[in-house]
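In what follows, a structure is listed as C-alpha cells, so that the remarks can point back to it.
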Amino acid sequence: MQKIDPFRRIPICVGYIWGLLSFSLFGLWPVVEGRENLEVLRISKLKPAMYVANHCSWMDIPFVCRVFRFLNYKIIAKAELNKVPILGRSLQVGGHVTLDRTNRRSQMLAYKAGMQWLKDGVNLVTFPEGTRSKNSRMGSFKKGAFKMA
C-alpha cells in the first residue's frame, strides 16, 4: 500500500464518500462559510496548512471529510480511538496521527509525525481542545496544535 499510495490519499477519498453518505443518511447539509478559502488551497500549489476546529459532536469528523473533499489531510486524534473497531482501523490505514495524551513520548512522536506530514505537503486537522465540548462552547486549548503551527 505504501508504494501505491505513499501519502494515503485513497482513504481520504473513502472518507469523503463516507462523509457524503453520513450527511445524506441523516438529512444534514452543513453550511460552510469561507469555502472559497479552501478552493484557493485546492487549485493552487500553496504550502500545506494546519486547520484548527472546535470539536462539538461526533459529526465533526464526517464534517471534516465532507468539507475537505479530496484535499489530502491527516487528523490528529487521541490514541484511545484506535480501540474503536471501524474508526481505529481507518485512522491507522489513513495514516492519521494519534497520540496518548498521558504519555509525553507519544506526544513528541505525534508532533514529529505531524511535522513530517506538513513537510510532505499534507494538511493537518486538529481539535485543540483535546475533547468534545459538552455545551458547544470553546474550551481551553492544548498547546500542541499551536507549537506545530
Side-chain angles (χ1 to χ4, degrees), residues 1-26 28 30 32-35 37-38 41-42 46-149:
M1 182 73 163
Q2 188 69 19
K3 290 182 181 181
I4 296 169
D5 186 18
F7 296 114
R8 312 270 176 97
R9 294 186 66 89
I10 294 170
I12 296 303
C13 295
V14 172
Y16 173 58
I17 293 166
W18 171 68
L20 282 176
L21 292 174
S22 297
F23 283 110
S24 299
L25 181 66
F26 297 115
L28 301 171
V32 179
E33 295 179 13
R35 182 180 294 275
N37 298 319
L38 287 175
L41 289 174
R42 255 187 214 99
L46 293 177
K47 290 183 179 180
M50 184 162 177
Y51 297 92
V52 179
N54 184 14
H55 200 5
C56 297
S57 76
W58 281 99
M59 292 306 288
D60 292 337
I61 304 305
F63 182 76
V64 166
C65 295
R66 170 99 166 73
V67 169
F68 285 104
R69 298 181 182 166
F70 298 111
L71 184 68
N72 200 5
Y73 64 91
K74 303 298 171 207
I75 294 175
I76 299 175
K78 61 182 179 178
E80 293 88 12
L81 293 178
N82 284 326
K83 296 175 185 173
V84 177
I86 296 171
L87 180 61
R89 185 70 179 143
S90 63
L91 286 171
Q92 293 166 6
V93 170
H96 297 283
V97 180
T98 58
L99 70 114
D100 180 353
R101 296 180 286 187
T102 62
N103 183 327
R104 183 74 177 141
R105 186 178 188 303
S106 173
Q107 293 170 2
M108 289 306 298
L109 290 172
Y111 175 81
K112 288 178 182 178
M115 292 302 293
Q116 187 60 51
W117 279 123
L118 287 170
K119 288 177 185 173
D120 289 342
V122 177
N123 300 290
L124 286 178
V125 177
T126 186
F127 303 97
E129 296 159 297
T131 189
R132 286 189 323 274
S133 171
K134 305 262 188 278
N135 57 10
S136 298
R137 293 190 174 180
M138 292 283 228
S140 60
F141 286 2
K142 307 288 187 221
K143 298 174 188 169
F146 299 101
K147 287 180 183 176
M148 203 174 294

Leu25, CG: over 12 other non-hydrogen atoms inside 6.0 angstrom: yes
State the CZ-CD1 distance between Phe127 and Ile75, to the nearest 0.5 angstrom. 5.5 Å
Say you draw a straight line from CG of Leu109 to CD of Gln116; how long is it, rounded to the nearest 0.5 Å? 13.0 Å
Check Thr98 against Ala110 and note the closest heavy-atom contact, atom names and distance. O-CB, 4.0 Å
Nearest heavy-atom neighbours spanning Leu124 and Gly114: CD1-O, 3.4 Å
Derivation and outcome, side chain to side chain contact (heavy atoms under 4.5 Å, CB included), residues Phe7 and Trp117: CA-CA 8 Å; Phe7 296 114; Trp117 279 123; 3.9 Å; yes
Spatial distance of atom CZ (Arg8) from atom CD1 (Ile10) [nearest 0.5 Å]: 10.5 Å
Measure the spacing between CD of Gln92 and CG of Leu81 and express it to the nearest 0.5 Å. 11.0 Å
Tyr73 versus Val125, closest heavy-atom pair with distance: CD1-CG2, 4.0 Å
How are the rings of Phe63 and Phe23 set to each other: parallel, tilted or perpendicular (split at 30° and 60°)? perpendicular
Between Gln107 and Asp100, the two heavy atoms sitting closest are CG-O, 3.8 Å
To the nearest 0.5 Å, tell me how far Trp18 CH2 sits from Ile12 CD1. 11.5 Å
Say whether, by atom type as modelled, one donor and one acceptor occur between the side chain of Asn123 and the main chain of Asn72 under 3.5 angstrom. yes
For the backbone of Leu118 and the side chain of Lys74, can you confirm whether one donor and one acceptor N or O come within less than 3.5 Å of each other? no
I'd like to know if the side chain of Asp120 reaches the main chain of Val122, judged simply by a donor and an acceptor atom lying under 3.5 Å from each other, with no hydrogens or angles considered. no
